[in-house]
Amino acid sequence: MKYDFKKIEGKWQKEWEKAQIYKAKDFSNKKKYFALVEFPYPSADGLHVGHVESYTAMDIVARKRRMEGYNVLFPMGWDAFGLPAENYAIKTNIHPAKTTRINAKNYEKQMRSLGFSFDWSRLVDTTDPDYYKWTQQLFLRFFEKGLAYRAKANVNWCLSCKTALANEEVVNGRCERCGGEVTQREKEQWMLKITNYADKLLAGLKDLDFLQEIKTSQINWIGKSEGALLDFSISNSDFKVKVFTTRPDTIFGATYLVLAPEHVLISNLKNQISNFGEIEEYVLRTSKKTEEDRLKSDKDKTGVELRGVFAINPATKENIPIFISDYVLANYGTGAIMAVPAHDERDFKFANKFNLQIKKVVEFKDARIFGSLKSFKESFISEVKKKWNFRDLNNKEDIFEIVSNEVKDIFELAKNNFNDHSAVLWSDGDVKQILFHSDSGENKIFDWSDGELAKNARNYGLMLGIKQEFMGWGNILEPYLEDGKLINSGEFTDLLSSEKRWEIAYSLNGRKEIKYKLRDWVFSRQRYWGEPIPLAYCDVCSANVKSFGIDPKKNWSEGEKLNPGWVAIPEKNLPVVLPSLKKFKPGEDGESPLAEAKNWIWIKCPKCGGKARRETDTMPNWAGSSWYFLAYALGGSLAYKKKGSFWNKKKLDYWLPVDWYNGGMEHVTLHLLYSRFWNNFLFDEKLVSNPEPFQKRTAQGLILGKGGVKMSKSKGNVVNPDVVSSEFGADALRLYEMFMGPFNQAKVWEVSGILGPYRFLERVWNFGTEMVSSGVSDDKELSVLVNATIKKVSDDVEKMAFNTAVSSMMILINSFYEKKELSVNLWKKFLLILAPFAPHITEELWQKTSIKKSKKIKFIHQEAWPEYDEKLVGDKTVEIVIQVNGKIRGTISVDIGVSEEKLKKQVLDLEGVKKAIDGKEIKKVIFIKDRLINFVI
RNA sequence: GGGCAAGUGGCGAAAUGGCAGACGCGCAGGCUUCAGGAGCCUGUGAUCGCAAGAUCGUGAGGGUUCAAAUCCCUCCUUGCCCACCA
């Protein structure tokens with residue numbers, strides 16, 4: 001009988017669907033397991049092979065968990081708001097809701113045909129008004145608690161289209177559509193105060209089982225840094241400049257200040273600045289700078305000095321110049337820095353360009369001693385290696401380095417151990433000496449604090465890449481960025497910079513301050529195809545809030561107090577449904593397309609009954625995906641479409657947190673951070689019981705097209721999973737994607753690669769239909785191998801080492817073929833471990849074997865995951881490697897657990913070993929039980 | 001410029017201190033077949049050798065170790081993410 005995957009796959013997909021075996025039950029005696037994959041944006045192109053990779057992996061996990069007796073929730077949905085649907089609508093005038101519906105249907109069909117065990121009854125769709133009603137309601141919570149506020153933020157602005165652009169629409173600083181120039185333009189927008197949660201989002205990571213690189217990217221994005229705020233007075237003025245620095249210990253080396261071009265001090269000091277015209281011009285120029293220009297000017301720092309004014313360094317009391325430059329950002333820290341060119345790379349570059357004083361205030365704590373290997377006798381090298389941290393720097397001159405503060409001892413040792421080459425040893429530490437053994441046989445010691453002598457020493461042939469500042473002469477060539485010993489620092493001189501960092505700050509009336517790179521989340525988009533922001537603006541209420549201040553009788557929420565005039569649409573009027581429009585294009589003046597819906601905009605103010613205008617901006621894509629996992633737990637569309645209360649904390653408590661979340665590496669910063677932020681906030685609002693939504697998070701590697709490049713329509717290298725599965729079957733496609741390579745690494749799609757897994761399935765089919773019979777009893781060797789494979793596959797799935805799991809099953813079927821027959825018992829175990837990977841073929845073959853069916857259990861996917869017998873995993877005998885001096889001279893097969901003595905006798909009698917040892921004395925024997933024996937001669 | 005990965009046969013890769021190249025693709029040969037982009041079997045890192053076997057071999061160089069693809073140092077290359085974050 002031929003392996004007819006088309007017939008088999010369709011048949012079982014229908015049967016499973018009929019029996020509803022993947023439906024998750026709220027509450028159960030079984031332990032729950034929530035397996036989550038990122039829900040896709042249903043594009044017109046259909047499913048991508050990258051989706052298939054992620055879904056197959058988690059499908060395997062979900063199926064295995066069910067077999068292990070868990071109550072599993074493995075849901076799917078549509079993250080359907082987005083730019084492509086909107087752009088398509090602009091082009092064709094077809095409503096995005098319609099295209100979305102068609103695309104989603106196609107996605108569902110494709111996913112079903114691949115046999116994923118999703119619980120389709122819980123499907124969610126972010127563009128469903130019944131869904132985004134809750135997205136809006138949750139947003140209003142942020143608003144009511146004062147976590148949403150209006151502020152000016154930059155948007156990408158196309159000068160020729162006169163519209164705001166999404167980041168995706170800006171390509172190399174130009175508009176994707178018309179190729180016009182893109183600049184930044186300020187616009188008032190809604191912001192979410194994610195920075196309030198910066199600390200929680202950082203601390204919360206600690207106990208989570210995320211891949212380390214994912215944690216790192218979250219940590220870096222939050223970017224916590226601890227610094228000091230310090231005041232610099234301005235000479236002849238009452239104004240002060242506050243600077244933020246992480247290195248207050250270097251303040252004695254602060255030789256100038258730099259302000260961001262937007263800094264208020266500039267206008268405050270207008271009358272005292274003699275070159276104000278020049279300053280104004282610079283400010284104007286930088287404000288016009290596009291992203292592109294800034295990239296170009298990366299290397300070359302620009303700036304202008306504020307002439308006529310000076311700041312006073314609070315540590316040295318010296319007058320220092322003030323500059324403005326766009327390398328200082330207005331919206332980080334205080335928008336002003338103290339520049340320490342000797343110890344900061346950017347300040348160093350700037351100082352060199354403008355010829356400013358560079359003052360060194362920190363130096364290396366230990367001595368760093370360099371020498372040339374050729375200069376010293378073996379005895380010196382071996383002695384030094386024993387006592388100190390010796391590193392061979394592997395320059396052509398064989399330079400080594402020792403980091404130590406025992407310079408004197410090392411020099412003492414060196415004196416007596418010269419070769420007769422010219423010898424070199426130098427140090428930049430406490431003992432500033434150079435030992436030198438000249439060609440004429442003379443030993444000389446130079447004190448290098450004496451610049452002249454040291455220069456002479458150099459002429460003897462000492463220059464082997466010595467950095468000049470180590471020698472204590474000449475200019476500083478590069479800044480020293482690390483901690484070390486303070487110099488030129490008043491009372492703190494000779495103390496350690498790391499220990500005195502805060503003391504120095506406090507002594508100058510500074511205070512500690514924690515800053516984050518993380519900025520508040522710009523939550524407005526000037527777009528049609530997103531959730532309307534459920535707020536309205538009312539002039540009367542604005543005046544009321546402002547004039548009454550905080551009047552408790554008026555019942556103003558925090559958000560309404562924070563944003564005078566802005567009032568929430570009441571819950572009973574949600575959802576605020578997107579009005580249908582004729583034109584979807586963003587407005588010419590930077591307004592959202594919704595501003596064109598004249599009938600929709602004007603409403604009765606929910607607060608005072610007057611005239612109010614709706615917010616016309618919509619929410620960003622990230623909104624709907626910030627809580628979709630909660631919607632699944634709450635029952636999905638069936639639940640949110642039903643009247644009555646959708647939010648059910650008992651269900652959330654049961655299912656959350658997500659036990660395992662897998663998705664793309666491209667979403668491990670923003671989406672992950674945003675959804676953790678929402679969940680943390682909902683926890684504070686007592687709407688959920690865990691601050692952290694995801695217990696474990698992993699990521700798959702990209703699947704690339706030919707030549708290792710990203711798959712894209714324009715390159716014509718997109719692989720359609722439908723085409724592959726109609727030729728080789730869903731099981732073969734699933735297996736191939738798991739077999740391709742390490743799950744978390746980027747992999748290149750190779751058409752011919754699928755043949756291996758396909759042939760494997762054919763072999764499984766042929767063996768199962770022809771060579772398994774009830775008359776055969778368990779073969780001993782095969783029992784052992786089946787056991788080992790169960791263990792291997794069980795472990796590998798947990799590690800996401802799917803490629804080696806598949807290969808171990810290939811090895812197993814190859815061994816079955818070698819024996820030419822197999823017992824039903826072992827065959828069933830094999831089918832069970834293969835079932836999560838290839839659900840259809842295993843179901844068909846399972847049904848063909850003589851199995852007991854019960855009312856409850858009809859399918860292989862309802863059976864229990866096979867256990868392995870630890871005693872049967874290994875063989876009774878084991879191959880031991882025999883080495884002589886680390887080289888392999890043979891192997892020997894012995895009983896497991898054999899002792900060193902016994903093995904030694906046996907091994908030394910072997911011809912090959914005798915020959916290798918050649919009668920020499922055995923100095924040492926290394927014996928690793930059941931692994932290896934190594935004779936050192 | 002910064003951060004994070006990764007470099008192993010003709011190719012995808014395995015081995016995370018203990019027999020480098022499992023498993024698969026491709027290739028070569030054999031069996032079977034009217035036929036095959038089918039199935040089964042055998043071989044397949046390089047060099048030398050009829051063979052047994054020997055030597056070399058995991059981006060380059062060095063170090064630690066009885067033993068290194070694996071750990072440490074320096075450098076090179078590629079990919080991804082981020083752009084002056086004090």
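Each chain gets a letter, A, B and so on, in the order the sequences are listed, and its residues count up from 1. Quick caveat: nothing in here was measured; it's all calculated off a predicted structure.
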Between B:rA68 and B:rA15, how far apart are the two C1' atoms, rounded to whole Å?
13 Å
Ignoring the backbone of A:T246, work out which of B:rA86, B:rA13, B:rC66 is nearest its side chain.
B:rA86
Just N and O in the side chain of A:K887: are any of them under 4.0 Å from OP1 or OP2 of B:rC56?
yes
Which value, in whole Å, describes the distance between the C1' atoms of nucleotides B:rU78 and B:rU16?
22 Å
Watson-Crick/G-U partner (both atom distances under 3.5 Å) of B:rA83
none
B:rC82 and B:rG12, which share atom name P, separated by this distance in whole Å:
27 Å
Is the glycosidic torsion of B:rG9 within 90° of 0, making it syn, or is it anti?
syn
Selection from B:rA14, B:rA86, B:rC66 that lies nearest to any side-chain heavy atom of A:K924
B:rC66
Look through every strand shown and name the nucleotide pairing with B:rC71 as Watson-Crick or G-U wobble, where both distances are under 3.5 Å.
B:rG63
Report the distance from atom CG of A:L735 to atom P of B:rC23, rounded to the nearest whole Å.
16 Å
Kindly say if A:T669 contacts the phosphate of B:rC82, meaning a side-chain N or O under 4.0 Å from OP1 or OP2.
no
May I have the distance from A:F743 (atom CZ) to B:rA5 (atom C1'), rounded to whole angstrom?
16 Å
Could you give the distance separating B:rA60 and B:rU77 at their P atoms, to the nearest angstrom?
15 Å
P atom, B:rA69 versus B:rA20: distance in rounded Å?
8 Å
Should B:rA5 form a Watson-Crick or G-U wobble pair with both distances under 3.5 Å, which nucleotide is its partner?
B:rU78
Below 4.0 angstrom from OP1 or OP2 of B:rG12, is there any side-chain N or O of A:K747?
no
Just checking A:L755: base, sugar-phosphate only, or nothing, at a heavy-atom cut-off of under 4.0 Å?
sugar-phosphate
Does the side chain of A:N814 get closer than 4.0 angstrom to OP1 or OP2 of B:rG24 through an N or O atom?
yes
Minimum-distance nucleotide to A:T245 side chain [options: B:rA22, B:rC84, B:rA86]
B:rA86
Regarding A:Y516 and A:D199, do their side chains bring together a donor and an acceptor under 3.5 Å, going by distance alone?
yes
Under a 3.5 Å limit on both distances, the Watson-Crick or wobble mate of B:rC50 is none
Between P on B:rC41 and CZ on A:R759, what's the gap in Å once rounded to a whole number?
13 Å
Measuring from the side chain of A:D326 (C-beta onward, heavy atoms only), which nucleotide among B:rA86, B:rC84, B:rA6 has the closest atom?
B:rC84
When you compare B:rG63 with B:rA6, how far apart are their P atoms, in angstrom units rounded to a whole number?
25 Å
Distance in angstrom units between A:I811 CD1 and B:rA14 C1', rounded:
10 Å
Going by modelled atom types, is there a donor-acceptor pair between the base of B:rG18 and the side chain of A:Q883 at under 3.5 Å?
yes
Distance between the P atoms of B:rG37 and B:rA28, in whole angstroms?
13 Å
Could you tell me whether A:N220 contacts a base, only the sugar-phosphate backbone, or nothing, with contacts defined as non-hydrogen atoms closer than 4.0 Å?
sugar-phosphate
P gap between B:rG9 and B:rG57, integer Å:
14 Å
Write down the distance between CG (A:L518) and P (B:rC82), rounded to a whole number of angstrom.
15 Å
Taking only N and O in the side chain of A:R763, is any of them less than 4.0 Å away from OP1 or OP2 of B:rC40?
yes
Which listed nucleotide (B:rC66, B:rC4, B:rA14) is nearest to the side chain of A:T216?
B:rC4
Can you figure out which of B:rA38, B:rC25, B:rG24 approaches the side chain of A:E762 most closely?
B:rA38
